[in-house]
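The structure appears right after this line, and notes come after that.
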Amino acid sequence: MSQLITLDGIRSIMDSLLKEGAIVAAPVNEGENKLFFEKIDTSQKAVLSGTVKTVNSIKEFFFPRHEVLCTFKRNGNDIELTDSQPFDREQIIFGARPCDAAALPVLDPLFAWDYQDRFYQSRREKTTVVVFACQNSDQHCFCGALGLAPDDPSGADAMLFDLGNGFFEVRTFTEKGERLFKEKTSSSDQTGKACPVPGKKLRTKELSVWLKKNFTASIWDDMSKRCVGCGACTYLCPTCHCFDIVDEGSFQKGVRVKNWDSCQMANFTLHASGHNPRAVQGQRQRQRIEHKFSIYPEKFGVLLCTGCGNCTRNCPSSLGVRPFLDAIEKQLDQ
């Protein structure tokens with residue numbers, strides 16, 4: 001038997017959580033049919049059906065764009081340091097897509113590698129992720145090419161399947177998911193299904209070998225001529241995680257913060273001497289593709305991409321990861 005819940009039931013859960021002081025995030029319509037994941041103060045703001053993908057990723061609820069690590073204050077000849085406390089509040093994300101949630105187990109080993117990032121880890125521990133199985137896809141989706149699917153449970157605590165007429169099948173995968181929907185569903189013989197898997201299987205092992213042998217391939221410069229270096233592809237990507245740590249404030253007092261950065265920015269690799277080992281956009285695009293499909297897999301055993309299509313979908317010149325993968329696939333067939 002499956003478990004069902006109504007759309008009103010979902011909104012009731014959200015409103016109850018908000019009353020209890022939890023942080024609730026969901027897709028919100030910001031106009032022009034653009035949906036963004038945002039913190040909400042009422043369930044009525046949440047758009048819970050009929051969308052392919054939000055513009056942004058849920059990663060910012062685990063890895064914020066701006067995060068204070070500590071504060072400092074000069075007291076005579078001494079410096080007073082005060083560490084920021086780890087995240088300690090219940091947080092629930094509704095309406096994530098499987099390709100978005102699948103990025104979380106990809107990022108987990110990075111933030112527990114040579115340093116235990118207690119800020120990221122505390123958010124992971126305190127957050128429940130409710131995924132909506134995809135009912136449709138667009139030309140930018142390619143999760144299937146990377147071995148994922150529109151109903152992939154990776155990174156999700158629970159998944160909802162839209163059955164139509166305001167009913168959803170509930171599938172739970174973790175204790176957090178079970179706890180969230182406990183005694184809030186009804187039994188049924190109805191089951192949901194996701195849309196067809198988009199994207200043909202990518203030859204990832206051959207791709208990694210090709211990347212090692214084609215550091216100076218012409219496609220890097222040729223395809224990157226239309227890249228404007230805005231960094232949107234990295235900021236909206238569920239798995240990109242470049243950041244910088246800087247001190248903000250004055251000589252007397254301030255904060256040490258972790259801010260998002262992007263490998264697509266010219267200053268990202270600029271040396272104090274003025275030398276830049278990735279001086280042109282082609283070199284920066286090459287680094288991004290190599291990191292996702294060669295460097296990261298070698299280090300952590302997983303691809304640094306979930307096939308969400310955010311990079312191409314939101315690129316002002318329609319570049320992103322997929323066009324490079326298609327071009328390399330053609331090279332593999334030669």
Side-chain angles (χ1 to χ4, degrees), residues 55-57 59-60 62-72 84 103 106-107 109-111 113-115 117 119-120 208 210-251 253-300 303-305 310-312 314-325 327-328:
V55 173
N56 61 333
S57 165
K59 76 174 177 184
E60 61 189 74
F62 303 90
F63 170 44
R65 285 172 279 183
H66 174 87
E67 185 170 41
V68 177
L69 304 178
C70 67
T71 61
F72 59 89
S84 295
V106 172
L107 292 175
L110 173 80
F111 289 104
W113 169 45
D114 58 344
Y115 177 78
D117 191 322
F119 298 98
Y120 172 87
S208 179
W210 186 93
L211 289 170
K212 294 181 190 306
K213 295 180 179 180
N214 290 273
F215 192 77
T216 59
S218 61
I219 67 170
W220 305 122
D221 288 331
D222 292 345
M223 295 185 62
S224 298
K225 288 177 181 177
R226 71 179 193 259
C227 176
V228 298
C230 66
C233 55
T234 57
Y235 293 141
L236 302 178
C237 172
T239 60
C240 280
H241 52 265
C242 291
F243 63 88
D244 194 10
I245 295 178
V246 297
D247 291 339
E248 298 179 355
S250 67
F251 175 73
K253 62 180 181 179
V255 292
R256 177 159 291 179
V257 298
K258 180 166 65 177
N259 292 327
W260 282 6
D261 206 343
S262 172
C263 64
Q264 297 306 294
M265 302 297 190
N267 287 342
F268 185 76
T269 50
L270 181 63
H271 294 186
S273 66
H275 171 66
N276 193 336
R278 298 184 204 135
V280 297
Q281 208 62 40
Q283 295 168 340
R284 294 189 274 274
Q285 286 285 357
R286 178 188 63 205
Q287 167 62 25
R288 186 164 187 257
I289 301 300
E290 285 187 331
H291 190 203
K292 288 182 174 298
F293 296 96
S294 182
I295 300 170
Y296 201 88
E298 285 188 357
K299 192 170 193 65
F300 296 113
L303 297 172
L304 192 64
C305 180
N310 265 8
C311 51
T312 305
N314 298 291
C315 175
S317 55
S318 300
L319 195 53
V321 168
R322 182 69 180 273
F324 279 102
L325 298 182
I328 295 172

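Given the structure is predicted, the values throughout are model-derived calculations rather than measurements.
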Locate the shortest heavy-atom distance separating [X] from [Y]; write the atom from each residue and the value.
X	Y	value
C233	C311	CB-CB, 3.6 Å
S294	L211	CB-CD1, 4.0 Å
F268	C242	CZ-SG, 3.7 Å
G320	T312	CA-OG1, 3.6 Å
S224	G282	OG-CA, 3.4 Å
P297	L303	CG-CD2, 3.8 Å

Query - Audit row: E248, N259, side chain to side chain donor-acceptor pair (under 3.5 Å) steps and yes/no - result: CA-CA 11 Å; E248 298 179 355; N259 292 327; 3.2 Å; yes
Quick one: [atom1] on [X] to [atom2] on [Y], what's the gap to the nearest 0.5 Å?
X	Y	atom1	atom2	result
L107	L304	CG	CG	7.0 Å
E290	C263	CD	SG	11.0 Å
Y235	S57	OH	OG	14.5 Å
C230	N314	SG	CG	9.5 Å
R288	H291	CZ	NE2	11.0 Å
E67	I245	CD	CD1	10.0 Å

Query raised in the report: Are R286 and F215 in a cation-pi setup, meaning NZ or CZ lies under 6.0 angstrom from the ring centre and within 45 degrees of the ring axis?
Result: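 The answer is yes, since R286 meets both limits relative to F215.
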Query raised in the report: Does W210 have any ring-ring contact (aromatic ring centres under 6.0 Å, His included) partners at least two apart in sequence or in another chain, and if so, which?
Result: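 If we apply the ring-ring contact (aromatic ring centres under 6.0 Å, His included) test to W210, skipping adjacent residues, there are no hits.
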Query raised in the report: Looking at residues at least two apart in the chain, or sitting in another chain, which of them share a ring-ring contact (aromatic ring centres under 6.0 Å, His included) with F324?
Result: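 Applying ring-ring contact (aromatic ring centres under 6.0 Å, His included) to F324 gives W220.
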Query raised in the report: When you look at K292 and T239, which way does the side chain to side chain donor-acceptor pair (under 3.5 Å) test go after all the steps?
Result: CA-CA 9 Å; K292 288 182 174 298; T239 60; 3.1 Å; yes
Would you confirm whether [X], through its side chain, and [Y], through its main-chain N or O, come within 3.5 Å as a donor-acceptor pair?
X	Y	answer
S84	V68	yes
Y296	V106	yes
K299	L110	no
W260	H66	no
N276	A266	yes

Query raised in the report: Given the rule in the side-chain contact (heavy atoms from CB on, under 4.5 Å) test, do L319 and Q285 qualify, once you have shown the distances and angles that lead to the verdict?
Result: CA-CA 10 Å; L319 195 53; Q285 286 285 357; 3.6 Å; yes
**Report entry** Ring centre gap for F62 and F111 strictly below 6.0 Å
**Finding:**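 Here the rings of F111 and F62 have centres that are no less than 6.0 Å from each other.
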Requested in this report: Apply side-chain contact (heavy atoms from CB on, under 4.5 Å) to V257 and L69, showing your working.
Outcome: CA-CA 5 Å; V257 298; L69 304 178; 5.9 Å; no
Report yes if some heavy atom in the side chain of [X] is under 4.5 Å from a heavy atom in the side chain of [Y]; otherwise report no.
X	Y	result
F119	F63	no
F300	P109	yes
I328	I219	yes

Query raised in the report: Are more than 12 heavy atoms from other residues, nucleotides or ligands located less than 6.0 Å from atom CZ of R226?
Result: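 Buried by this count: over 12 neighbours within 6.0 Å.
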**Report entry** Ionic contact status for D117 with K258, cut-off 4.0 Å
**Finding:**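 Counted as a salt bridge, because a side-chain N and a carboxylate O are separated by less than 4.0 Å.
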Requested in this report: Begin from the C-alpha positions of T269 and Q287 and carry the test side-chain contact (heavy atoms from CB on, under 4.5 Å) through to its verdict.
Outcome: CA-CA 11 Å; T269 50; Q287 167 62 25; over 6 Å; no
Query raised in the report: Under the side chain to side chain donor-acceptor pair (under 3.5 Å) test, which residues partner Q281, sequence neighbours left out?
Result: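 If we apply the side chain to side chain donor-acceptor pair (under 3.5 Å) test to Q281, skipping adjacent residues, the hits are Q264, R284.
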